[in-house]
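Okay, so here's the structure we're looking at.
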Amino acid sequence: MGYSPLPITAISERLLRNWVRCRRRAWLDRHGDGEERLWTAHRTLQLNNQYRIFNELLTKKPSRGIEACKRGEPAVIGIRFKANFGPNNQIIEVHPPLLQRIKGKSCWGNFAYRPVIAQQGKRLTREHRLTLALMCLLVESNQKSSITNGLAVAKTQQGLTFRKVSLTSGIKSQLFESLQKLNQDLEKDHPPPITAERKKCTLCSWRGICNAEASREGHLSEVSGIGTSRRQMLQEAGINGLEELASTDHFYLETYLKRFGDQHSGAAKKLIAQAKAQRDGLVDRFNNSPALPELSKAPGVLIYDIESDPDERQDFLHGFLRINRNTKGEWDLANAIYHPILIVNKNDNSIAWRRIRKKLSNYPQWPILHYGETESIAIYRLAKREGADEKELLNLKKRLFDLHEIIKSRWYLPLNSYGLKKVASWLGFKWRKTGVEGANALLWWRQWEELRINKKDKLNPLKNIFEYNHDDCLATWQVAKWILKQDQSNPL
Ligand code: SF4
């Protein structure tokens with residue numbers, strides 16, 4: 001990995017935030033090759049969240065720049081503060097997303113400012129607290145007056161919620177300690193190790209090089225089913241990589257993991273089998289019961305996939321792909337029909353259920369295939385909330401088939417994840433847009449909502465969402481076809 005000597009550049013709140021998320025990330029931000037970065041929708045979604053929160057918070061447009069502070073405007077954006085500061089008297093630079101005028105005295109007059117951040121997610125995390133504390137200290141040193149807190153604003157179902165982060169001595173010492181450690185990491189000529197919490201990597205722009213390295217070196221976190229705590233347990237048992245796990249005796253591992261509880265010891269055999277499948281690149285079927293017998297006599301099948309806005313708790317798109325059998329009794333994918341049911345307003349549950357119910361009742365005997373539990377939970381909950389009776393709910397439950405669950409309960413695949421993207425890509429499926437994920441669909445939805453409000457041409461984001469959702473349905477069918485083929489070649 002390339003390393004460039006540490007330039008004398010400032011430490012920003014963004015670098016600190018990324019370091020809190022993953023130490024390696026901050027190192028790569030400073031020394032990594034920018035060409036290796038991959039685009040992620042996460043950052044754009046964060047900015048979009050910030051825009052929506054501030055829009056709701058402020059009664060009028062904020063003013064911009066240091067002149068606005070001198071005038072004492074109530075809300076100011078576009079400010080960058082710099083100061084020599086911290087344990088090594090290093091250069092620190094912050095860019096508070098918003099400054100809010102508060103009571104007090106500053107070098108600008110009989111008022112002062114405090115920083116405000118838009119909080120992503122429900123929980124106020126260490127990342128929020130430390131970056132806000134850093135901003136507070138820089139605001140203090142620039143306005144030449146002290147402040148007691150910064151503000152984190154979140155958007156919830158109940159509206160905006162406000163959390164003050166007080167500038168206590170405790171948080172200051174945490175901040176100084178973090179800055180010191182961050183500096184030490186940045187001065188090293190090699191990056192810190194890949195994080196054990198690999199879930200974080202899906203949101204990170206360095207995931208391309210880190211995933212490649214983890215796979216090349218056979219990290220334990222590459223084995224599907226191993227998270228942070230299991231990884232630690234395995235390391236304690238003297239197993240440090242995928243190869244070692246694959247060749248471990250399962251009685252030894254089962255006995256060792258007993259001290260952590262039955263759940264872990266019970267998983268020993270599965271973990272070893274999974275590591276073997278990945279090491280050898282082989283598919284291993286461990287349960288021979290038919291996987292999808294319900295499809296053998298079905299006249300057709302519905303594939304179901306939803307797109308959601310988790311912050312708003314809104315399922316804005318229910319996509320259905322209808323696949324009939326042709327006259328020869330084969331599945332007629334060439335004439336499959338995709339039907340997106342778009343729910344524009346989040347409170348339109350009864351409209352959503354009416355339309356979905358109509359769709360389902362048009363094909364009463366057809367199984368509904370989906371990938372992952374999200375769809376079955378969402379549709380069942382919606383039906384219940386809208387007054388479906390016991391018989392209808394039971395019938396709905398019987399018709400839903402989760403392919404993710406079916407796969408996981410029958411096969412070990414040579415893959416580090418059993419997510420739809422991974423499994424369908426392994427089976428040769430290609431999405432029309434490469435590198436797109438659920439976060440992109442959410443971003444397009446937010447863009448579409450803004451265009452709709454401003455009465456501008458709003459077709460493009462919607463077309464992208466439909467195409468992505470349609471492709472997810474087709475990918476789900478690709479997995480279903482593979483399962484059916486396995487059943488045919490493995491009759492009981
Ligand atoms: S991809 Fe993962 S390990 Fe690599 S820098 Fe990002 S969060 Fe850290």
Side-chain angles (χ1 to χ4, degrees), residues 40-42 44-53 55-56 120-122 154-159 203 302-322 337-360 368-386 388 396 400 402 419-421 431-433 436-476:
T40 146
H42 188 65
T44 320
L45 271 173
Q46 262 181 341
L47 290 174
N48 179 277
N49 181 52
Q50 180 176 298
Y51 171 80
R52 282 151 46 103
I53 288 177
N55 222 10
E56 203 170 321
Q120 182 96 2
K122 284 185 214 141
K155 196 165 163 45
T156 66
Q157 287 284 90
Q158 290 72 40
L203 306 174
L302 293 173
I303 314 284
Y304 176 47
D305 188 71
I306 60 176
E307 304 301 334
S308 312
D309 183 338
D311 293 339
E312 296 287 341
R313 292 211 195 150
Q314 180 185 8
D315 300 324
F316 57 84
L317 176 64
H318 300 258
F320 286 92
L321 181 70
R322 195 183 86 204
I337 294 178
Y338 171 65
H339 180 201
I341 297 179
L342 188 72
I343 305 301
V344 175
N345 297 311
K346 73 172 176 183
N347 297 323
D348 282 348
N349 288 325
S350 51
I351 297 178
W353 177 234
R354 203 178 329 128
R355 293 176 67 191
I356 292 170
R357 191 188 209 182
K358 186 163 181 281
K359 173 110 226 148
L360 302 185
I368 307 161
L369 309 185
H370 59 98
Y371 202 94
E373 60 179 10
T374 313
E375 279 73 16
S376 50
I377 292 174
I379 197 170
Y380 189 83
R381 204 181 271 160
L382 178 66
K384 200 166 179 187
R385 204 186 301 134
E386 291 307 309
L396 180 61
L400 289 161
D402 179 358
L420 178 62
K421 298 283 174 304
W431 274 257
R432 274 169 275 186
K433 282 193 176 54
V436 173
E437 50 189 35
N440 295 71
L442 175 56
L443 188 60
W444 287 323
W445 170 247
R446 298 254 173 101
Q447 287 169 347
W448 181 75
E449 279 192 310
E450 273 153 34
L451 293 172
R452 184 168 67 98
I453 291 162
N454 297 319
K455 298 191 173 44
K456 290 189 185 156
D457 173 24
K458 51 191 191 222
L459 271 180
N460 263 345
L462 215 48
K463 258 173 38 195
N464 286 338
I465 298 171
F466 289 165
E467 181 184 285
Y468 172 70
N469 182 262
H470 185 185
D471 279 356
D472 270 2
C473 291
L474 289 166
T476 304

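Keep in mind that the numbers below use all heavy atoms, side chains included, and drop hydrogens, waters and symmetry copies.
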**Message:** Applying ring pair (Phe, Tyr, Trp, His ring centres under 6.0 Å) to Tyr338 and His470, what does each step give before you reach the verdict?
**Reply:** CA-CA 7 Å; Tyr338 171 65; His470 185 185; 4.5 Å; yes
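- Using a 4.5 Å heavy-atom threshold, the side chains of His339 and Arg322 count as separate.
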**Request:** Go through Asp471 and Lys433 one step at a time and tell me if the salt bridge (Lys or Arg N to Asp or Glu O under 4.0 Å) criterion holds.
**Result:** CA-CA 9 Å; Asp471 279 356; Lys433 282 193 176 54; over 6 Å; no
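- Across every non-hydrogen atom of Asn349 and Arg385, the tightest pair is ND2-NH1, 3.0 Å.
- Under 3.5 Å, the side chains of Gln120 and Asn49 contain a donor-acceptor pair of N or O atoms.
- The backbone N or O of Cys473 lies less than 3.5 Å from no partner atom in the side chain of Asp305, so there is not a single donor-acceptor pair.
- Looking only at distances, no side-chain donor or acceptor of Glu307 sits under 3.5 Å from a matching main-chain atom of His318.
- When atom types are taken as modelled, the side chain of Asn469 and the backbone of Phe466 share no donor-acceptor pair closer than 3.5 angstrom.
- Residues Trp448 and Leu462 approach most closely at NE1-CD2, 3.5 Å, considering heavy atoms.
- No hydrogens or angles considered: a donor-acceptor pair under 3.5 Å links the side chains of Asn48 and Glu450.
- Between the CG atom in Leu45 and the NE2 atom in His42 there is a gap of 8.0 Å [rounded to 0.5 Å].
- Relative ring orientation between Tyr468 and Trp444 is described as perpendicular, the plane-to-plane angle rising above 60° on a 0-90° scale split at 30° and 60°.
- Salt bridge status for Arg52 with Asp311: absent, with no side-chain N to carboxylate O gap under 4.0 Å.
- Of the N and O atoms on the side chains of Asp472 and Tyr371, not one donor lies less than 3.5 Å from an acceptor on the other residue.
- The closest side-chain heavy-atom distance from Glu386 to Ile351 is not below 4.5 Å.
- Side chains of Phe320 and Ile341 form a contact here, defined as non-hydrogen atoms less than 4.5 Å apart.
- Salt-bridge check for Glu437 with Lys421: failed, with every basic side-chain N at 4.0 Å or more from each acidic carboxylate O.
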**Request:** Decide yes or no on salt bridge (Lys or Arg N to Asp or Glu O under 4.0 Å) for Glu56 and Lys155, but give the supporting numbers first.
**Result:** CA-CA 9 Å; Glu56 203 170 321; Lys155 196 165 163 45; 2.8 Å; yes
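- With hydrogens and angles ignored, the 3.5 Å screen pairs a side-chain donor or acceptor of Thr156 with a backbone N or O of Gln158.
- Here the side chains of Leu396 and Leu360 are in contact, with some heavy-atom distance below 4.5 Å.
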